[in-house]
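Okay, so here's the structure we're looking at.
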Amino acid sequence: MTAVWSSHRLMLLRELQLRGTISAVAEALNYASSTVSQQLAQLEREVGAPLLRADGRRVRLTPQGERLAVHASELLALEERTRASLEVGTPAPVRIAALQTSARALLPRALTMLAESHPGMRVEGSVVPPEEGLFEAEAREFDLVIAEQYPGHTRELRAGLDRVTLGHDPIRLAAAPESPVRSVGDARGEAWIMEPVGTAVRTWSVQQCRAAGFEPDVRFEAADLLAQVRLISAGHAVGLLPEQLLSGDATPVRLIDLPGSPTRELFTSARESSAASVGVRAVREALGRAFGEAAGGR
């Protein structure tokens, strides 16, 4: 009799293909590394072909392992589509990864709408950078991601994820209320605060300064945009901020228009295999309405 391949072990193989190491798979799934290794060894016996090979202190997928991991991804997607097509009653839980500004400006409104339109539906949320959120959506840690991209800096198109534009959010130069700065050029000699090196927004922000003819003096780095607002408001720095960050609040900084009125694009991504589920569609609809309300209230 032909051995039946365990769908759970196939999922572990797919996780290894995405995450690269057994320890990373174990950490993501809250398993012991030895458990992951044992399960993958059992899968090799079920398949009857070598799936892993030693590479120093790590393991890598063999060509057979790579092919099986691709098929595993297809099987998981098929299972997810089937579940979505058979869904009745209260939608399945939806796990959202949101960047900080959207978690602050959109999620509360959207959750209120969902409580009215889909009572009893469970929604879970985490505030994570877009890069992490998109990766984890592909790995099935999240069902929906709210992400951003800046002008001229498109994000990687990950296999199996769709992309739906949520809207566009103006970006402006922020300075303390009493600051004499009136343009990016005026901020040539100012201290700047920006997000960490390697992020798309950091690259874009530096380019805006260079276009104005100077290299910014980046004295402060913070991924937390509310921390940026505090430093700017206190007069210790200037920075480039998305308008959504300050939505609904008394603005503690003075916002200055930039040449060309640039905007960042906000979008949602879901796995193509789950995008048609009742829960994902409901959350996307609520986020769209919340974005419209927030934009209308600026």
Side-chain angles (χ1 to χ4, degrees), residues 3-80 83 92-100 103 122 124-148 155-161 195-202 221-224 269-274:
V4 177
W5 299 351
S6 163
S7 60
H8 176 69
R9 295 181 187 120
L10 288 171
M11 181 270 290
L12 290 177
L13 186 70
R14 171 59 173 162
E15 287 280 337
L16 181 58
Q17 184 187 47
L18 287 172
R19 299 186 186 278
T21 66
I22 286 177
S23 60
V25 174
E27 182 178 357
L29 301 179
N30 199 26
Y31 289 165
S33 294
S34 59
T35 300
V36 176
S37 296
Q38 291 165 7
Q39 291 295 305
L40 291 174
Q42 179 60 34
L43 181 62
E44 279 191 319
R45 291 191 287 272
E46 292 172 354
V47 173
L51 303 177
L52 307 176
R53 62 178 175 84
D55 183 10
R57 302 178 70 176
R58 301 174 58 178
V59 297
R60 295 191 183 278
L61 271 62
T62 63
Q64 297 97 320
E66 290 285 355
R67 287 198 296 272
L68 185 57
V70 170
H71 289 309
S73 178
E74 294 169 351
L75 287 171
L76 290 168
L78 177 60
E79 178 184 0
E80 198 163 39
R83 288 181 182 275
V94 176
R95 299 159 298 176
I96 304 173
L99 67 163
Q100 183 186 24
R122 180 181 176 89
E124 302 172 2
S126 296
V127 178
V128 298
E131 296 86 352
E132 179 184 345
L134 292 167
F135 173 85
E136 293 294 349
E138 184 181 0
R140 290 178 161 73
E141 180 68 20
F142 296 112
D143 301 305
L144 189 67
V145 183
I146 309 173
E148 65 180 358
R155 290 202 178 274
E156 176 186 2
L157 297 172
R158 304 195 71 91
L161 295 186
E195 293 198 31
V197 172
T199 59
V201 60
R202 172 64 172 265
E221 286 189 355
D224 184 342
S269 277
R271 288 182 300 283
E272 293 170 350
S273 55
S274 65

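We count residues from 1, following the sequence as given.
At least one side-chain heavy atom of V47 sits under 4.5 Å from a side-chain heavy atom of W5. Q39 has its side chain out of reach of V36: every pair of non-hydrogen atoms, C-beta onward, lies at least 4.5 Å apart. Residues R155 and L134 are in side-chain contact: their nearest non-hydrogen atoms beyond the backbone lie under 4.5 Å apart. Using a 4.5 Å heavy-atom cutoff, the side chains of L78 and E74 are not in contact. Counting only heavy atoms from C-beta outward, the side chains of E15 and L29 approach each other to under 4.5 Å. Within the 4.5 Å cutoff, the side chain of L10 has no heavy atoms near those of the H71 side chain.
For the atom pair CG (L51) and CD (E46), the distance works out to 10.0 Å, reported to the nearest 0.5 Å. In this structure, CD in E44 is found 9.0 Å from CG in L13, a value given to the nearest 0.5 Å. Taking CZ of R67 as the start and CG of L61 as the end, the distance is 11.0 Å to the nearest 0.5 Å. Annotation: the span from L161 atom CG to S273 atom OG amounts to 9.0 Å, rounded to 0.5 Å. Between the CG atom in L40 and the CG atom in L52 there is a gap of 5.5 Å [rounded to 0.5 Å]. Between the CZ atom in R158 and the OG atom in S269 there is a gap of 10.5 Å [rounded to 0.5 Å].
In terms of heavy-atom proximity, G133 sits nearest to F142 at O-CD1, 4.3 Å. Between A139 and R19, the shortest heavy-atom contact is CB-NH2, 3.5 Å. Minimum heavy-atom separation, P130 to A147: CB-CB, 3.7 Å. Nearest heavy-atom pair across A270 and D143 is CB-O, 3.4 Å.
Between R14 and E138, at least one side-chain N (NZ, or NE/NH1/NH2) sits under 4.0 Å from a carboxylate O, which counts as a salt bridge.
Atom CD of E27 is surrounded by 12 or fewer heavy atoms from other residues, nucleotides or ligands within 6.0 Å.
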Inset, instruction - Dump the intermediate steps for side-chain contact (heavy atoms from CB on, under 4.5 Å) on Q17 and V70, then the final yes or no. - result: CA-CA 9 Å; Q17 184 187 47; V70 170; 3.9 Å; yes

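No donor-acceptor pair under 3.5 Å is formed between the side chain of R202 and the backbone N or O of E221. Side-chain atoms of R95 come within 3.5 Å of backbone atoms of R140 as a donor-acceptor pair (strictly under, hydrogens ignored).
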